[in-house]
Amino acid sequence: RSTSMYFPEGSVTEPEQQWFSRHLAAMGEPRLATAGKPKDYVVVRVLRLPTFSRPAAVRCEIEGERITRRAVETDGKGGYEAGEVVVDRSTALTREQADVLLAELDATGFWSWPVEEENAIIFLDGTELVVEAIRNGEHRVRVRTSPEVATEERGLAKFVDFCESQFASAGVGQGPAP
């Protein structure tokens, strides 16, 4: 499976495009797109790539009345090899659960964030959190590195809470913090 261009052009750097795509492909995750989808199509995917522990992703997809969540985790290391899938679980969500998820995402400020984090801290190792969402025909990707560091100062508390709640409710990505 080709791992190029999982994300819209310009939404992540070229090295991130290759790195994140390699992990998503190993997880059997699809490329997300608006093409051919109804106007009310909504999808939110949270990807966690900790440098030295297991990568995980949670994807919630809303198509009309069909609301599903897929949780997947590999035995790789987020900063290195993608590994093999060790958890792959799909469940149905209620409309209420989906509404809560979307309200929590909105509360993070995700839709108004710049692509690049302002005053970003440079990290050599850490956890990459990637949130990708499609709503109202808009496809947005935001990456935050080591959001557990200086969380309040960076305005990432609600973002970290949102991501952690997605992984906790799906039962994946619960390795070493975060």
Side-chain angles (χ1 to χ4, degrees), residues 1-8 11-13 15-33 41-63 66-94 97-98 100-105 108 110 123-135 139-149 151 156-178:
R1 196 191 300 223
S2 169
T3 59
S4 63
M5 297 302 285
Y6 251 78
F7 302 102
S11 63
V12 297
T13 66
E16 287 172 336
Q17 181 81 254
Q18 297 304 314
W19 176 21
F20 303 161
S21 296
R22 183 175 70 248
H23 283 276
L24 289 169
M27 292 174 175
E29 275 292 294
R31 288 173 183 80
L32 304 182
Y41 174 72
V42 178
V43 63
V44 176
R45 176 166 52 204
V46 183
L47 172 66
R48 174 190 276 145
L49 295 175
T51 301
F52 302 112
S53 56
R54 290 163 54 149
V58 176
R59 174 174 39 92
C60 296
E61 208 161 357
I62 304 167
E63 277 191 273
R66 190 177 70 82
I67 306 170
T68 58
R69 174 177 64 200
R70 178 178 186 247
V72 61
E73 188 169 329
T74 69
D75 61 1
K77 290 185 174 35
Y80 300 94
E81 72 279 356
E84 299 294 320
V85 171
V86 293
V87 176
D88 187 346
R89 192 170 36 248
S90 293
T91 55
L93 296 183
T94 66
Q97 288 171 311
V100 167
L101 179 150
L102 295 174
E104 288 175 353
L105 177 63
T108 68
F110 173 82
F123 297 94
L124 298 179
D125 292 317
T127 298
E128 297 290 327
L129 279 179
V130 183
V131 176
E132 181 177 13
I134 293 175
R135 190 152 125 203
H139 190 170
R140 180 165 286 217
V141 180
R142 294 298 180 260
V143 179
R144 294 301 181 255
T145 301
S146 294
E148 72 282 3
V149 177
T151 304
L156 297 177
K158 288 181 179 176
F159 176 72
V160 170
D161 288 347
F162 169 77
C163 293
E164 291 306 314
S165 74
Q166 298 313 303
F167 290 113
S169 66
V172 294
Q174 300 299 297

Quick one: does S146's side chain have a donor or acceptor within less than 3.5 Å of a partner on V149's backbone? no
Interatomic distance, L105 atom CG to R135 atom CZ [nearest 0.5 angstrom]: 6.5 Å
Partner residues of A157 under the side chain to side chain contact (heavy atoms under 4.5 Å, CB included) criterion, sequence neighbours left out: T151, E152
Treating H23 as the side-chain partner and G78 as the backbone partner, does any N or O pair qualify as donor plus acceptor under 3.5 Å? yes
Just list the side-chain donor-acceptor pairs under 3.5 Å for residues 82-89, sequence neighbours left out, or say none.
unit_1, atom_1, unit_2, atom_2, d
D88, OD1, R70, NE, 3.0
D88, OD1, R70, NH2, 3.4
D88, OD2, R70, NH2, 2.8
R89, NH2, A170, O, 2.8
R89, NH2, G171, O, 3.2

Residues passing the salt bridge (Lys or Arg N to Asp or Glu O under 4.0 Å) test with E104, sequence neighbours excluded, are none
Heavy atoms of F159 and R144 approach each other most closely as CE2-CB, 3.8 Å
Salt bridge check: are E128 and R48 linked by an N-O gap of less than 4.0 Å? no
Mind listing the closest non-hydrogen atom pair of R54 and D75 along with its distance? CG-CA, 4.0 Å
With sequence neighbours left out, the residues meeting ring pair (Phe, Tyr, Trp, His ring centres under 6.0 Å) with F20 are none
Taking side chain as C-beta onward, heavy atoms only, is T127 less than 4.5 Å from L49? no
Reported CG-to-CG distance for the pair L129 and L47, which is rounded to 0.5 angstrom: 8.5 Å
Indicate yes or no: at least one non-hydrogen side-chain atom of I67 is less than 4.5 angstrom from one of T94. no
Please round to the nearest 0.5 Å and tell me the distance separating atom CD1 of I62 and atom CZ of R69. 12.0 Å
Between the CD atom in Q17 and the CZ atom in R22, the distance rounded to the nearest 0.5 Å is 12.5 Å
For R142, give me all partners under salt bridge (Lys or Arg N to Asp or Glu O under 4.0 Å), at least two apart in sequence or on another chain. none
Do NZ/NE/NH1/NH2 and the carboxylate oxygens of E29 and R45 come within less than 4.0 Å? yes
List the steps, then state whether side-chain contact (heavy atoms from CB on, under 4.5 Å) holds for L93 with C60. CA-CA 8 Å; L93 296 183; C60 296; 3.9 Å; yes
Could you tell me whether a side-chain N or O of S165 sits under 3.5 Å from a main-chain N or O of F162, the two making a donor and an acceptor? yes
Quick one: are Q166 and L101 in side-chain contact, heavy atoms under 4.5 Å? yes
As an exercise, state the distance from NZ of K158 to SG of C163, rounded to the nearest 0.5 Å. 14.5 Å
V12 vs W19 side-chain heavy atoms within contact, under 4.5 Å: no
Taking side chain to side chain contact (heavy atoms under 4.5 Å, CB included) as the test, write out the residues that go with S11, two or more places apart. F7, P8, V141
Carefully, step by step, assess V172 and V58 under the rule side-chain contact (heavy atoms from CB on, under 4.5 Å). CA-CA 8 Å; V172 294; V58 176; 3.7 Å; yes
If I compare all heavy atoms of V44 with all of A133, which pair ends up nearest, and what's the gap? CG2-CB, 4.2 Å
Check whether any side-chain heavy atom of T108 lies under 4.5 Å from a side-chain heavy atom of V131, and answer yes or no. no
Does a donor on one side chain and an acceptor on the other come within less than 3.5 Å for Y41 and E61? yes
Between CZ on residue F167 and CD on residue E73, distance to nearest 0.5 Å: 9.0 Å
M27 and A57: which non-hydrogen atoms are nearest, and at how many Å? SD-CB, 3.7 Å
